[in-house]
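Whatever order the structure lists ligands and atoms in, that order sets their numbers, starting from 1. All of these numbers come straight from a predicted model, not from anything done at the bench.
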Amino acid sequence: MTAKKTILSGSTVTGDLTLGNYIGAITNWKKLQEDYDCLYFLADLHALTVFQDPKILKDRTYSFFAQYLALGLDPEKNTIFAQSHVHEHTELSWILTCLTPLGYLNRMTQFKDKSEKHEKNVNAGLYTYPILMAADILLYQADMVPVGEDQRQHLELCRDIVGFFQNRYGEGTFKMPEAYIGKMGARIMSLQDPSKKMSKSDENDKNYVSIIDDAKKIEKKIKSAATDSDTVVNYDPENKPGLSNLMVIYSVLGNKTMAEIEKAYEGKMYGHLKVDLAELTVETLKPVHEKYNDLMKNRDHLDQLLRKGAEKASVRAALTLTEVYNKVGLIPRR
Ligand code: TRP
């Protein structure tokens, strides 16, 4: 038997999970959890790089966790945990920080963007953020990391850091991670600006449907999605990106081909499609909402699952950190 490859994925606990995440999740998780050893974590430490109201951060961490579970991520088949619960992340991060030249961090475009956006809070954590991310990945000897465009540069830096470590201390401590480019499901675009991806950290909440939006909100957002002024319902992402995006969502949620949708709306207006899509979305998310609400009623249960996840993750993280301590000349704690 060959061991399964390890996939690791983290999500910063900011914003709201969206319909785009839902679609990515349903198309991927079931299959991934069979074929790979999967770790998912809530990057609550990364969230601290921008100002967070303490209560909101805590509530959102529970909420994200419950949303992942409600979406069908199975805590038995995967390792799901909060980053801050496994102290090895910050410990390894420090060691890697001492190996990373400033010049490499200065190149990070996300730091430049974020420090312009959060002008009043350009803290050192925002700057060293990608080193913590490298620690997240390297602790678990991840083979693959699914990353969006915005995180590619950070993954590259992580690979550079493996090189810095090898040069100084020799090979064999960390696995060199690769970007996971699997079929990530359909690409869902912003509802108001279909040239951008639907993003969980979008400032304008009209741009996305959140997984926990109520029916009224979902309807309102879908009905007010930006579309062109034509009336014929046909799939044409080039000339009708807004309509085509709605059709993509429709086809995934309703399990229909574009041709079937076009046929069903022959002679009808965009408005008809929007009304039906809103209803379909509300129906689709209903069981997710129910499961989510149930989970959120019982924090003790969530705490218990978080503890179990952290225990599973810690065992693996500790192995790597002990090896690192030995290599760099720190005495491993016994
Ligand atoms: N920085 C990632 C994001 O904002 C989240 C993240 C933190 C992550 N650590 C990671 C993703 C490690 C993959 C691997 O999306």
- Query: Which of these passes side-chain hydrogen bond (donor to acceptor under 3.5 Å, both in side chains) with Lys240: Asp228, Thr227, Asn245, Asn234?
  - Reply: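 Of the listed options, the one satisfying the test is Asn234.
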- Message: Whether Lys114 engages the ring of Phe111 as a cation-pi pair (distance to the six-membered ring centre under 6.0 angstrom, angle to the ring normal within 45°) should be assessed.
- Response: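 Here Lys114 fails the 6.0 Å and 45° test against Phe111.
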- Message: Distance to the ring centre below 6.0 angstrom and angle to the axis at most 45 degrees; does that hold for Lys256 and Tyr250?
- Response: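 Not satisfied by the 6.0 Å and 45° rule.
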- Message: Below 30° counts as parallel, above 60° as perpendicular, anything between as tilted: where do the rings of Tyr129 and His154 land?
- Response: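 Ring orientation, 0 to 90° scale: tilted.
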Could you list, one pair per line, each nitrogen or oxygen of ligand 1 together with any protein nitrogen or oxygen closer than 3.5 Å, giving atom names and the distance rounded to 0.1 Å?
residue  : atom  : partner : partner atom : Å
ligand 1 : 1 (N) : Tyr129  : OH           : 2.7
ligand 1 : 1 (N) : Gln151  : OE1          : 3.3
ligand 1 : 4 (O) : Thr12   : OG1          : 2.9
ligand 1 : 4 (O) : Tyr129  : OH           : 3.1
ligand 1 : 4 (O) : Gln151  : NE2          : 3.4
ligand 1 : 9 (N) : Asp136  : OD2          : 2.6

- Query: Looking at side-chain heavy atoms only, is the closest gap between Leu92 and Phe174 below 4.5 Å?
  - Reply: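 In short, these two side chains touch, coming nearer than 4.5 Å.
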- Task: Determine whether Lys217 and Asp205 make a side-chain contact, defined as any pair of heavy atoms from C-beta on separated by less than 4.5 Å.
- Result: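 Counting from C-beta outward, Lys217 and Asp205 do come under 4.5 Å.
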